[in-house]
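Worksheet: one structure, shown below.
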Amino acid sequence: MILGWATSAQSTEAQSVPTKPSPLLTTPPLVNPAPFTLSDALAGLSTSAQYRQAQLALSTAHAQLQAAQANLGPTAGVNGSVSLASGSSTATNGTVSSSTDLSISAGASVSLPVLPWSAAQTAARAYAVARATFAQTSAALTASTELAFAP
């Protein structure tokens, strides 16, 4: 019987312990944020994915154009080689003969990319396309943002 009383006392104590509200369940006081304006939206366009993608494509095309323009001028090259070969041979009668061969060669090259399909012209066209695409993307994002805020 005493054992039964201890069990019921424990369950009573467990029910009478006061509980504190969890700090996760409390809500912060409501604050009236400033209204989101058209100028806020337009200022945030530069962080949008479409804008960043067009901006990165433009930067890549510009870097490729600069690299192609750096390689646009004439290139010249000089090369040469020297080789020395020596050998000996023994004839059937026992005489030994030796020979030495010396070979020298030299060359030069000059090139100038003047063809209309050269890398620099291709890069210039790609940069012009990327610039136009960036302008169109920027204009389209601005127009759609302004349309969203229209009364």
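Scope of the values below: all heavy atoms of this structure, side chains included, with no hydrogens, waters or symmetry mates.
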Please tell me if the side chains of Val82 and Leu102 come closer than 4.5 Å, counting only heavy atoms from C-beta onward. yes
Could you tell me the separation between the OG atom of Ser48 and the CG atom of Leu141, rounded to the nearest 0.5 Å? 4.5 Å
Do Leu58 and His62 have side chains that get closer than 4.5 Å, going by heavy atoms? no
Rounded to the nearest 0.5 Å, how far apart are OH of Tyr127 and CZ of Phe134? 10.0 Å
CG/Leu84 to OG/Ser86 distance, rounded to the nearest 0.5 angstrom? 6.0 Å
Close side-chain approach of Glu146 to Leu38, heavy-atom, < 4.5 Å: yes
With distance as the sole test, does Asn79 use its side chain to make a donor-acceptor pair with the main-chain N or O of Gly107 at under 3.5 Å? yes
So which heavy atom on Ala120 is nearest to which on Ala68, and how close? CA-CB, 3.5 Å
Please answer: with hydrophobic residues joined when any side-chain heavy atoms are less than 4.5 Å apart, are Phe149 and Leu42 in the same cluster? yes
Report the distance from atom OG1 of Thr137 to atom CG of Leu45, rounding to the nearest 0.5 Å. 11.5 Å
Determine whether more than 12 heavy atoms belonging to other residues, nucleotides or ligands lie under 6.0 Å from atom CD of Gln53. no
Tell me the closest heavy-atom pair linking Ala43 and Ser46, and the distance in Å. O-OG, 3.7 Å
Any idea which heavy atoms bring Ala61 and Ala126 closest together, and the distance? CB-O, 4.1 Å
With a 6.0 Å cut-off (strictly less than), is the heavy-atom count around CD of Gln50, excluding the residue itself, greater than 12? no
To the nearest 0.5 angstrom, please state how far the OG1 atom of Thr60 sits from the CD atom of Gln64. 6.5 Å
